[in-house]
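Below is one structure; the comments refer to it alone.
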Number of protein chains: 2
Amino acid sequence: MTRSEENYIKTIFHLGRQGMEAVSTNAIAELMETKPSSVTDMIKKLSEKDLVNYKRYQGVSLTDLGTQTALGIVRKHRLWEVFLVEKLDFSWDEIHDIAEQLEHIKSDKLIDRLDKLLDYPKFDPHGDPIPDKNGDFKERDRKLLSEVEIGTKGVCVGVKDSSASFLKFLDRNHIALGHQIEVLEIEEFDGSLNISINQNNMQISHQIASNLYIKINEQ
Amino acid sequence: MTRSEENYIKTIFHLGRQGMEAVSTNAIAELMETKPSSVTDMIKKLSEKDLVNYKRYQGVSLTDLGTQTALGIVRKHRLWEVFLVEKLDFSWDEIHDIAEQLEHIKSDKLIDRLDKLLDYPKFDPHGDPIPDKNGDFKERDRKLLSEVEIGTKGVCVGVKDSSASFLKFLDRNHIALGHQIEVLEIEEFDGSLNISINQNNMQISHQIASNLYIKINEQ
DNA sequence: ACAAATTTTTAGCTTTGCCTAAATTATTAT
DNA sequence: ATAATAATTTAGGCAAAGCTAAAAATTTGT
């Protein structure tokens with residue numbers, strides 16, 4: 001598999017997760033910052049290789065083989081992210097671009113050894129699950145902070161948007177995975193929330209809340 | 001710099017080290033398992049970018065810029081090799097191909113952090129020196145085992161040939177960096193040596209001896 | 001329903017890095 | 001010194017992966 005093929009497979013995988021229908025050519029093009037015509041070309045190639053199901057004008061979806069391939073790439077990406085944070089002290093807004101390169105290194109043994117070095121992590125630094133060697137993973141039971149009621153207590157377990165700008169914002173405001181969060185108030189007017197995080201009170205916009213995942217504390 | 005450009009620069013660097021004259025097109029082609037005509041194409045491109053000095057039919061040599069570039073690549077390659085051996089328990093015959101991929105990852109910060117994680121190693125697992133951030137390195141004072149006299153004592157510090165087949169041979173025969181070696185006898189007829197290595201006596205061919213570096217013990 | 005708008009595909013072109021075959025330059029051997 | 005040999009370059013092509021512009025199919029709005 002070429003690097004480019006891998007990137008397409010990964011993109012189709014990520015787009016496919018949201019809704020279950022076929023992914024559109026334009027959506028792929030937009031996410032990959034390329035042109036729809038280029039996407040069509042590549043889709044045909046991937047279709048030849050039985051990695052995607054494709055009918056002209058009908059969008060595209062991953063085959064089982066394609067899904068397994070995608071999971072392998074996601075596994076590599078997320079393991080490298082853990083490595084960068086845990087072993088090389090990178091901050092979570094710096095790791096994506098580097099992991100994007102590292103995910104294309106070809107060596108099963110390397111990835112298995114890395115997995116072992118990191119002690120078989122189940123989640124990456126953004127809280128996303130890491131598929132195991134067989135592609136199996138468990139999505140964590142979590143809710144967006146914007147969708148829980150007043151009084152809810154939980155722990156921050158992930159972010160939906162993992163852009164550098166959002167992650168840097170979180171850093172500046174001392175919000176990190178593992179922190180205890182309680183929703184104290186929800187403002188009717190603009191949907192902003194008053195929360196306590198790690199004993200401190202702060203006000204966050206609806207936009208922030210709708211990109212933070214929490215795991216609600218057991219009673 | 002593209003991956004391919006980097007590979008050419010690295011190859012020219014390695015060929016340039018042996019003798020100081022310009023490197024021939026054919027030599028590059030052979031080492032890279034490509035055709036001389038392809039080499040000519042790339043050399044022109046590198047020349048445009050001021051990475052090599054080139055005059056038609058006269059061979060090629062690295063400019064200062066090219067040399068610095070090459071040292072950066074070599075630094076990355078060798079640091080990754082140390083990582084693979086020290087942190088992921090790879091054996092020294094397995095690391096070359098993987099490091100060949102990892103050396104193209106683009107991130108200065110990554111390499112500096114890796115350097116730190118490994119505690120700023122000065123030599124790679126084959127005993128070759130690792131350039132520092134500025135491209136500086138010190139060649140170790142060493143001799144080929146085939147070129148010392150009877151009675152010489154020293155410690156194994158490197159290999160000249162680092163092909164997998166040679167390295168596997170060394171593993172099978174329990175020869176590794178750091179081992180104490182003494183030359184007990186040299187056979188006139190075929191140049192084979194009788195040595196003691198880590199207290200054990202063994203017979204090695206001239207070919208083996210001419211690919212093992214030792215650092216002669218101080219008196 | 002069907003015209004307009006949008007999405008997707010096709011056709012044809014570009015660049016990178018490689019190839020083969022032929023031409024050119026350098027080296028060597030007598 | 002010059003013919004033969006070897007090394008190198010040029011010319012022309014190919015495949016991958018991208019692009020633009022135009023054509024075709026689908027979806028949407030009224």
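No experiment lies behind these values; they were computed from the predicted model shown. In what follows, every chain begins at residue 1, and chains take the letters A, B, ... in the order their sequences are listed.
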Side-chain-base donor-acceptor pair under 3.5 Å for A/Ser37 and C/dT8: no
Between [options], spot the one nearest the side chain of [X], thanks.
X: B/Tyr57; options: C/dT9, C/dC18, C/dT25; result: C/dT25
X: A/Asp41; options: C/dT20, C/dT9, D/dG18; result: D/dG18
X: A/Ser24; options: C/dC18, C/dT8, D/dG18; result: C/dT8
X: A/Thr40; options: C/dT10, D/dA7, D/dG18; result: C/dT10
X: B/Arg56; options: D/dA7, C/dT8, D/dT9; result: D/dT9

[X] side chain near [N] phosphate (N/O to OP1/OP2, under 4.0 Å):
X: A/Tyr54; N: C/dT9; result: yes
X: A/Lys44; N: C/dT10; result: yes
X: B/Tyr8; N: C/dT16; result: no
X: B/Ser38; N: C/dC19; result: yes
X: A/Ser4; N: D/dG18; result: yes
X: A/Asn26; N: C/dT8; result: yes

To the nearest Å, give me how far apart [atom1] ([X]) and [atom2] ([N]) are.
X: B/Gln58; N: C/dT27; atom1: CD; atom2: C1'; answer: 12 Å
X: B/Lys55; N: D/dT8; atom1: NZ; atom2: P; answer: 16 Å
X: A/Leu46; N: C/dT9; atom1: CG; atom2: C1'; answer: 16 Å
X: A/Ile43; N: C/dT7; atom1: CD1; atom2: P; answer: 15 Å
X: A/Lys35; N: C/dT7; atom1: NZ; atom2: P; answer: 14 Å
X: B/Ile28; N: C/dC18; atom1: CD1; atom2: C1'; answer: 16 Å
X: A/Arg3; N: D/dG18; atom1: CZ; atom2: C1'; answer: 16 Å

Residue met sooner reading DNA chain D from 5', once A/Glu5 and B/Gly59 are mapped to nucleotides: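 The residue mapped nearer the 5' terminus is B/Gly59.
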Parallel, tilted or perpendicular: ring planes of A/Phe169 versus A/Phe166, cut at 30 and 60 degrees: parallel
Charged tip of A/Arg140 within 45° of A/Phe123 ring normal and under 6.0 Å: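 Yes, A/Arg140 lies over the aromatic ring of A/Phe123.
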Minimum heavy-atom distance A/Asp115-A/Pro121, with the two atoms named: OD1-CD, 3.6 Å
Identified salt bridge (Lys or Arg N to Asp or Glu O under 4.0 Å) counterpart of A/Arg75 within the set A/Asp124, A/Asp108, A/Asp112: A/Asp112
Cationic N near anionic O, under 4.0 Å, B/Asp132 to B/Lys122: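 No, this pair does not count.
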